[in-house]
Amino acid sequence: MPQKFTVTPWEVKGELDYEKLIKQFGTKLLDEKILNRLKKHTGKLHFMLRRKIFFSHRDFDWILDKYEEGEKFVLYTGRGPSGHTHIGHLVPWVFTKWLQDKFDTELYFQLTDDEKFLVKPLSLKETTNYAMDNILDIIAMGFKPKKTHIIVNTLHIDKLYRIALKVSKHLTFSTVKAVFGFKNSSNIGIIFFPSMQIAPCFLPSEEKGHNVPVLIPAAIDQDPYWRPARDVAPKLGYYKPAQIHSKFIPGLGKEGKMSASKPETAIFTTDKPEDIRRKILNAFTGGRETAELQRKYGGNPDVCSVYKYYYFFFEEDDKKLKEIYEDCKSGRLLCGECKLRLIKKVEKFLEEHQKRRKKAKQKVDKFLIE
Ligand code: TRP
């Protein structure tokens with residue numbers, strides 16, 4: 001069957017069908033049963049779970065088994081530092097923080113400056129600098145300093161290299177070729193790289209000296225890494241890492257995920273109020289040609305990028321979200337007003353985030369892995 005979408009760690013395009021993706025990747029739906037089980041430990045579910053923004057998993061039920069047996073899990077997530085952070089990147093981070101708070105867990109946070117150097121037309125200096133810049137956003141999210149361990153691959157290679165080597169001995173070229181689509185013309189750095197992203201799955205077990213369950217909250221495009229990670233784990237005597245997968249927040253354009261390569265459709269954490277305003281005012285909406293037609297026939301929130309911003313990030317309150325949805329459909333709420341409300345929300349969020357980002361500069365050392 002011809003596919004209308006592609007999802008790999010380095011490319012996400014087309015119109016995504018998340019149900020098909022679950023089948024294709026062989027993951028499981030986060031269903032009501034498992035969500036109800038989670039609820040027993042966390043109380044009210046995070047809005048990203050209620051809205052199925054986090055929608056898929058592997059072995060999350062096993063993580064809960066372990067937790068209920070008194071074995072605490074550790075979180076692992078990461079970021080490829082190829083530019084400034086945008087709101088799309090914050091989606092899994094917000095949720096990761098929620099998990100850290102609810103379960104009081106340790107968190108390992110990897111920045112793959114090596115990966116981005118290998119796959120992008122950027123110098124190593126640039127990707128390491130972006131890593132240091134992105135760390136400010138991570139700290140600004142409010143993760144616990146004592147329980148959060150940030151790894152910058154080129155700076156903390158000593159933490160990962162021995163594990164990466166062991167992983168790499170079990171991964172053949174033909175396996176990574178099949179999983180990641182490498183070619184004979186791919187540089188050999190990127191061919192080894194998957195073992196670097198897999199290594200933190202086992203780092204907590206190495207550090208603690210016994211097996212530790214690891215849960216990885218991340219966007220679904222990272223899933224290809226976890227399949228070989230799970231194959232290799234038992235061969236090295238570790239637990240298989242578990243995952244919980246998110247969708248992508250769409251950009252402000254007509255389609256596609258929010259992407260740094262289309263800066264006008266992404267809101268960066270470093271954007272100024274005038275950038276926010278301009279980008280949102282130019283955003284693609286589900287509005288009609290004229291205000292008059294829209295009052296009469298209503299708009300279409302289902303295709304609207306502005307509505308998606310509320311949905312994914314800026315309106316946690318389900319009741320208020322529903323109001324926006326219905327007011328749009330009925331023609332009571334026009335795009336201009338709706339955009340202005342969003343601009344206010346984004347401005348307020350970023351003003352505070354940028355203050356915390358500034359303060360984060362003094363705290364970096366507290367967060368880097370020791
Ligand atoms: N490869 C990821 C990216 O390009 C970065 C990353 C490293 C990551 N380790 C991770 C993402 C663990 C999620 C979970 O963004």
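The residues of the chain are indexed from 1 along the displayed sequence.
A salt bridge links K52 with E32: the distance from a Lys NZ or Arg NE/NH1/NH2 to an Asp or Glu carboxylate oxygen falls below 4.0 Å. Salt bridge R332/E326: absent, no basic N to carboxylate O contact under 4.0 Å. The pair R341-E337 meets the salt-bridge criterion, with a side-chain N (NZ, NE, NH1 or NH2) lying under 4.0 Å from an Asp/Glu carboxylate O. The residues D59 and K28 are annotated as not salt-bridged, no charged nitrogen and carboxylate oxygen being separated by less than 4.0 angstrom. Look at D101 and K147 and you find no salt bridge, because none of the NZ, NE, NH1 or NH2 atoms lies under 4.0 Å from a carboxylate O. Salt-bridge annotation for E11 and K13: present, with a side-chain N of the basic residue lying under 4.0 Å from a carboxylate O of the acidic one. The existence of a salt bridge linking D318 and R50 is confirmed by a sub-4.0 Å separation between a basic side-chain nitrogen and an acidic carboxylate oxygen.
Using a distance-only test at 3.5 Å, with no hydrogens or angles considered, a donor-acceptor pair links the side chain of R288 to the main chain of G298. Using a distance-only test at 3.5 Å, with no hydrogens or angles considered, a donor-acceptor pair links the side chain of N134 to the main chain of G83. With T128 contributing its side chain and L124 its backbone, the two residues share a donor-acceptor pair below 3.5 Å. A donor-acceptor contact shorter than 3.5 Å is absent between the side chain of K146 and the backbone of F367. A donor-acceptor pair under 3.5 Å links the side-chain atoms of K339 to the main chain of L281, judged by distance alone. In this structure, the side chain of Y310 engages the main chain of L342 through a donor-acceptor pair within 3.5 Å. The backbone N or O of V167 sits nowhere less than 3.5 Å from a side-chain atom of H170 that would complete a donor-acceptor pair. No donor-acceptor distance shorter than 3.5 angstrom exists from the side chain of H353 to the backbone of F349, with no hydrogens or angles considered. Without hydrogens or angle criteria, S123 side chain to E126 main chain gives a donor-acceptor distance under 3.5 Å. A donor-acceptor distance shorter than 3.5 angstrom exists from the side chain of K345 to the backbone of F314, with no hydrogens or angles considered.
Across F95 and P217, no two heavy atoms sit closer than the pair CD2-CB, 4.4 Å. Between I63 and P213, the shortest heavy-atom contact is CD1-CB, 4.0 Å. Taking every heavy atom of both residues into account, S56 and T27 meet most closely at OG-OG1, 2.8 Å. Nearest approach of A266 to K279, heavy atoms of both residues: O-NZ, 2.8 Å. Nearest approach of T96 to L107, heavy atoms of both residues: CG2-CD1, 3.8 Å. Summarising the geometry of D61 relative to R37, their closest heavy-atom pair is O-NH1, 3.4 Å, with the distance given to 0.1 Å.
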**OP:** Take L35 and L49 through the side chain to side chain contact (heavy atoms under 4.5 Å, CB included) test and state the conclusion after the steps.
**Re:** CA-CA 8 Å; L35 290 179; L49 292 168; 4.0 Å; yes

Original post:
How far apart are the C-alpha atoms of T105 and L99, what are their side-chain angles, what is the distance that settles it, and do they pass the side chain to side chain contact (heavy atoms under 4.5 Å, CB included) test?
Top reply: CA-CA 8 Å; T105 61; L99 286 174; 5.7 Å; no

**OP:** Show your working on side chain to side chain contact (heavy atoms under 4.5 Å, CB included) between H57 and L29 and close with a plain yes or no.
**Re:** CA-CA 6 Å; H57 76 103; L29 195 70; over 6 Å; no

Subject >> side chain to side chain contact (heavy atoms under 4.5 Å, CB included) between V212 and F73, intermediate numbers included >> reply: CA-CA 6 Å; V212 178; F73 59 92; 5.9 Å; no

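In this structure, K344 places its NZ atom where only 12 or fewer heavy-atom neighbours from other residues, nucleotides or ligands lie under 6.0 Å away. Remark: E274 CD is packed, more than 12 non-hydrogen atoms of other residues, nucleotides or ligands lying under 6.0 Å away. The neighbour count for E19 CD, taken as heavy atoms of other residues, nucleotides or ligands under 6.0 Å away, does not exceed 12. Within a 6.0 Å radius of CD in E370, other residues, nucleotides and ligands contribute 12 heavy atoms or fewer. Counting heavy-atom neighbours within 6.0 Å of R277 CZ, excluding the residue itself, gives a total of 12 or less. Within 6.0 Å of the CZ atom in R278, the count of heavy atoms belonging to other residues, nucleotides or ligands exceeds 12. More than 12 heavy atoms of other residues, nucleotides or ligands sit less than 6.0 Å from atom NZ of K72.
Looking at Y225, F173, F193 one by one, the single match for ring-ring contact (aromatic ring centres under 6.0 Å, His included) with F180 turns out to be Y225.
Ring centroids of Y130 and H84 are separated by less than 6.0 Å, placing the two rings close together. If you look at F54 and H245, their ring centroids are not closer than 6.0 Å. With ring centers used as reference points, W226 lies under 6.0 Å from Y76. Close placement of the F202 and Y238 rings is indicated, their centers lying within 6.0 Å of each other. Between F182 and W10, the distance from one ring center to the other falls under 6.0 angstrom. Ring pair Y325/Y311: centre-to-centre distance not below 6.0 Å. Here F248 and F312 keep their ring centres 6.0 angstrom or further from each other.
Both L90 and I343 are members of a single hydrophobic cluster when ILVMFWY side chains are connected at heavy-atom separations under 4.5 Å. Under a hydrophobic-cluster definition in which Ile, Leu, Val, Met, Phe, Trp and Tyr are linked whenever side-chain heavy atoms come within less than 4.5 Å, directly or via other members, I220 and V179 are assigned to different clusters. Both L160 and L118 are assigned to one and the same hydrophobic cluster, defined by single-linkage of ILVMFWY side chains at heavy-atom distances under 4.5 Å. Linking ILVMFWY side-chain heavy atoms closer than 4.5 Å, directly or via other members, places V91 and L111 in a single hydrophobic cluster. Criterion: ILVMFWY side-chain heavy atoms under 4.5 Å apart, direct or through other members. Under it, I216 and L38 are not part of a common hydrophobic cluster.
Inspection of the Q100 and T148 side chains reveals an N or O donor paired with an N or O acceptor under 3.5 Å. Of the N and O atoms on the side chains of D114 and T154, not one donor lies less than 3.5 Å from an acceptor on the other residue. For N282 and E264, the side-chain atoms include no donor-acceptor pair closer than 3.5 Å. In this structure, a donor-acceptor pair under 3.5 Å is absent between the side chains of T127 and D113. Checking S195 against S168 by side-chain atom types alone, no donor-acceptor pair falls below 3.5 Å. Residues H149 and E207 have side chains that never bring a donor and an acceptor to within less than 3.5 angstrom of each other. Between Q222 and Q197, the side chains place a donor N or O and an acceptor N or O closer than 3.5 Å (distance only, hydrogens not considered).
Taking the six-membered ring where the residue is Trp, F109 and W93 present perpendicular rings, their angle passing 60° and hence far from 30°.
Counting heavy atoms from C-beta on, the side chains of V214 and P204 come closer than 4.5 Å. Using a 4.5 Å cut-off on side-chain heavy atoms (C-beta onward), T265 and F284 make no contact. Under the 4.5 Å side-chain criterion, counting only non-hydrogen atoms from C-beta, F55 is in contact with I22. Taking the side chain as every heavy atom from C-beta outward, Y108 and I369 approach each other to under 4.5 Å. Inter-residue side-chain proximity for M141 and V94 is flagged as met; some heavy-atom pair is nearer than 4.5 Å. You'll find the side chain of K247 reaches within 4.5 Å of the side chain of Y18, heavy atoms only.
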